[in-house]
Amino acid sequence: MKFCYEIKGGDFSAGGSASSQVKKTLKQFNIAPQVLRRIAVALYEAEMNVVAHAWRGSMCVDINIDHLNVVIEDEGPGIEDIERAMEEGFSTATEEVRQMGFGAGMGLPNIRKNSDEMKLTSTPGIGTRLALTIRF
Amino acid sequence: MREKNYTHSIQIDRDKCIGCSHCMRVCTTQAIRIIEGCAVIQPERCVDCGECYRVCPQHAIYAMDDGLASLAADHYRVALVPSVFLGQFPSDYSATEVLEAVKNCGFDEVREVEQAVDFMKEAYRIRAGKQLPRPQISSYCPAVVRLIQVLYPSLTSHIMLLKAPHDISALYLRLYREREEFDSRKLSLYYITPCAAKTVAARAPVGESASLIDGTVNMKEIYNKTLATLLARKEKGGRKHVADMSPDSVCWSLSGTEKHYFPGRSLAIDGMENVIDFLEKLESGHVSDIDFLEMRACDQGCAGGILCPGNRFLTVERLEQRQKRLQQLKDQQEGRVENRLLEYSEMLHPLSGVEPVHPRDGLLLDEDMEKALVKLQRIRRLMSYFPGFDCGACGAPSCRSLAEDIVQGKASISHCVFVQRVMEKNYKLSPDQAFVVIEKIWGRGRLNKYNDANENES
Ligand code: SF4
Ligand code: SF4
């Protein structure tokens, strides 16, 4: 079953509401607590990446019997060098964003750590698409 | 002794309840529904935090305890009194005096629970040195523990697996009595409780098969009796001459003392809403680098407990005064405290843990993933019919919870007054049927006055 949520770029105060909604729904299923935690963390990181870097985006989750598919798409500057972006500690976040505690470069590696499959594609100047699969 | 097998202390008196729905609106886990004009609690969701108790205008909600009457007459009866109870009385009554008066209520011995806090401090230090999930969340407040079990299942592994101070006190008393060859079967330990959650923790402890406490007594009941004794007394009672515990131990149940004893970074959070807000963040990983979380369901910690008769702010101030007095005694003893309980530390440490805490399934739609998905699909469809402003006229706290009740077979779509109107318009529901539905939710007789009004008006 599929749900989609809008994500607003730059709105840090509202950031996290989409992943929080998904989390709430998933708690109604018989999913192991550790898996739930991984989902919560991965989705929050992914959502905050959009808030911190893009103008706008969306999060679509598809709940299946034994796994969850998530697609986070945004319109924004995109990622120049995906390989580097996946390195721990690498971040293009502006100083302002970092001072708020976001963009420490833990986002993408952390998402990868918490999901079973991850696919990142990006077109500089247009936007980024992140697809995740997490098995229950 | 009364039935031991209830898992909730919070109960609703059907004779007093008028079905006003105040409680339903404040319930933090959405556990309350109005059925036939009366509030009904869903046991799998209730965490006994007592938020409903605070708002009920009819005083129809009560906290079930074991009561003084349950005291076994031929047993040696010990009352475990939390410091917050002493804080209910003006500071000119000494702790010794108050405890003496408590004893008069029918106990053979009285003990202050917070004696165990010096032991807790050691236990925290030990746990801080271990590789445990961070942050460790204090297990002190049982309402918070239950809340995590119901709403934050993925955080149950963070709960510190340590007994509460009153359990440590109970353990100590048993060990100490055993050493004196006292028949432990004849020993009954009663905890004077500031809240419903502590009663539940004693009846159905989390992470333990049985509690060390034999019964709980509502603090209000003991307060009234104690105050009567104090007022009738002609002479002033005695005072402590030795500091038998660390001064700040008396503030352990309030907000902000406990956290100082877990090395590293820690936070103290009190009040149900604040606790929920923070756990939500923690669960998503917003919060990092925190080693310890002290959490209390009540504002100001246990001073705000629902069974505390006094003003919570006065209570806090009085406990601070007590802390100062104990500090003076401690200074006179050149900084030593003579806490007898600590002599049992070595024996207590291996017994102080509890089993892992598991989630509760209060939110679950269905064990079976496939069935749960079908139910969720239905919930979504139902939600598109409902107005979405959570008016509560259906007897459920939100449109979402009505939808959930419907898929669980506990309610029907005609409970929604908006859907009802549409159904009537389309001749799917007769006005008489609609009337029956409303009666089912808000109670028979509730609509009578409108009949009368109709006649009088016309
Ligand atoms: S607050 Fe709840 S228990 Fe109290 S009268 Fe209203 S509906 Fe009944
Ligand atoms: S803060 Fe204290 S009084 Fe309030 S629920 Fe928790 S343990 Fe009970």
Side-chain angles (χ1 to χ4, degrees), chain A residues 1-4 12-49 51-52 59 61-69 100-104 106-107 109-111 113-115 134-136, chain B residues 29-30 44-45 133-134 147-159 276-290 356-381 383-384 398 400-401 403-405 407-408:
Chain A
M1 195 178 335
K2 216 165 158 185
F3 298 86
C4 286
F12 289 94
S13 61
S17 60
S19 47
S20 172
Q21 296 282 338
V22 178
K23 202 170 73 175
K24 246 183 216 143
T25 303
L26 291 173
K27 281 179 193 169
Q28 301 202 285
F29 292 88
N30 194 5
I31 299 173
Q34 311 87 286
V35 178
L36 211 60
R37 187 72 193 279
R38 278 169 48 209
I39 297 172
V41 172
L43 295 193
Y44 175 70
E45 290 280 5
E47 183 175 359
M48 289 322 281
N49 272 347
V51 174
M59 176 187 286
V61 297
D62 189 6
I63 310 174
N64 295 286
I65 288 183
D66 56 357
H67 69 280
L68 179 75
N69 285 329
M100 295 175 66
F102 304 107
M106 286 303 293
N110 207 9
I111 295 169
K113 206 173 73 200
N114 284 295
S115 44
I134 299 173
R135 284 186 269 278
F136 302 144
Chain B
T29 57
Q30 302 207 314
E44 67 278 16
R45 283 200 178 187
R134 297 289 157 109
L147 180 78
I148 293 174
Q149 287 180 288
V150 175
L151 292 192
Y152 301 96
S154 71
L155 296 176
T156 47
S157 57
H158 288 257
I159 296 170
I276 288 184
D277 204 54
F278 202 86
L279 290 174
E280 194 70 38
K281 288 195 162 57
L282 183 64
E283 193 184 42
S284 300
H286 299 214
V287 186
S288 52
D289 302 329
I290 297 289
V357 178
H358 300 293
R360 286 221 266 175
D361 53 8
L363 301 182
L364 217 57
L365 285 175
D366 205 294
E367 293 278 343
D368 182 332
M369 194 68 193
E370 212 163 333
K371 286 187 188 144
L373 270 169
V374 174
K375 285 183 181 172
L376 184 61
Q377 201 127 35
R378 252 193 96 201
I379 289 175
R380 284 182 85 187
R381 213 169 43 237
M383 291 291 286
S384 66
S398 65
R400 169 85 192 199
S401 47
E404 285 171 9
D405 289 353
V407 303
Q408 303 290 32

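All of these numbers come straight from a predicted model, not from anything done at the bench.
- Counting heavy-atom pairs closer than 4.5 Å to chain B, the top residue among A:Leu36, A:Val41, A:Ile65 is A:Ile65.
- Both the backbone and the side chain of B:His286 come within contact range of chain A, judged by heavy atoms closer than 4.5 Å.
- Distance check, rounded to the nearest 0.5 Å: OH of A:Tyr44 to CD of B:Glu280 gives 11.5 Å.
- In this structure the side chain of A:Ile63 reaches within 4.5 angstrom of the side chain of B:Met369, judged on heavy atoms.
- Counting heavy-atom pairs under 4.5 Å between each of B:Leu363, B:Asp368, B:Leu376 and chain A puts B:Leu376 at the top.
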Given side chain to side chain contact (heavy atoms under 4.5 Å, CB included), test B:Arg380 with A:Phe3 step by step and report yes or no.
CA-CA 10 Å; B:Arg380 284 182 85 187; A:Phe3 298 86; 3.3 Å; yes
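- For B:Glu283 against A:Lys23, the heavy-atom pair with the smallest separation is OE1-CE, 2.7 Å.
- When each of B:Asp361, B:Leu364, B:Leu365, B:Asp366 is checked for a side chain to side chain contact (heavy atoms under 4.5 Å, CB included) with A:Asn30, only B:Leu364 meets the rule.
- The closest side-chain heavy-atom distance from A:Gln28 to B:Glu404 is below 4.5 Å.
- Proximity to chain A is limited to the side chain of B:Pro359, based on heavy atoms less than 4.5 angstrom apart.
- Contact annotation for A:Lys27: both backbone and side-chain heavy atoms come within less than 4.5 Å of a heavy atom of chain B.
- Taking the side chain as every heavy atom from C-beta outward, A:Arg37 and B:Leu155 approach each other to under 4.5 Å.
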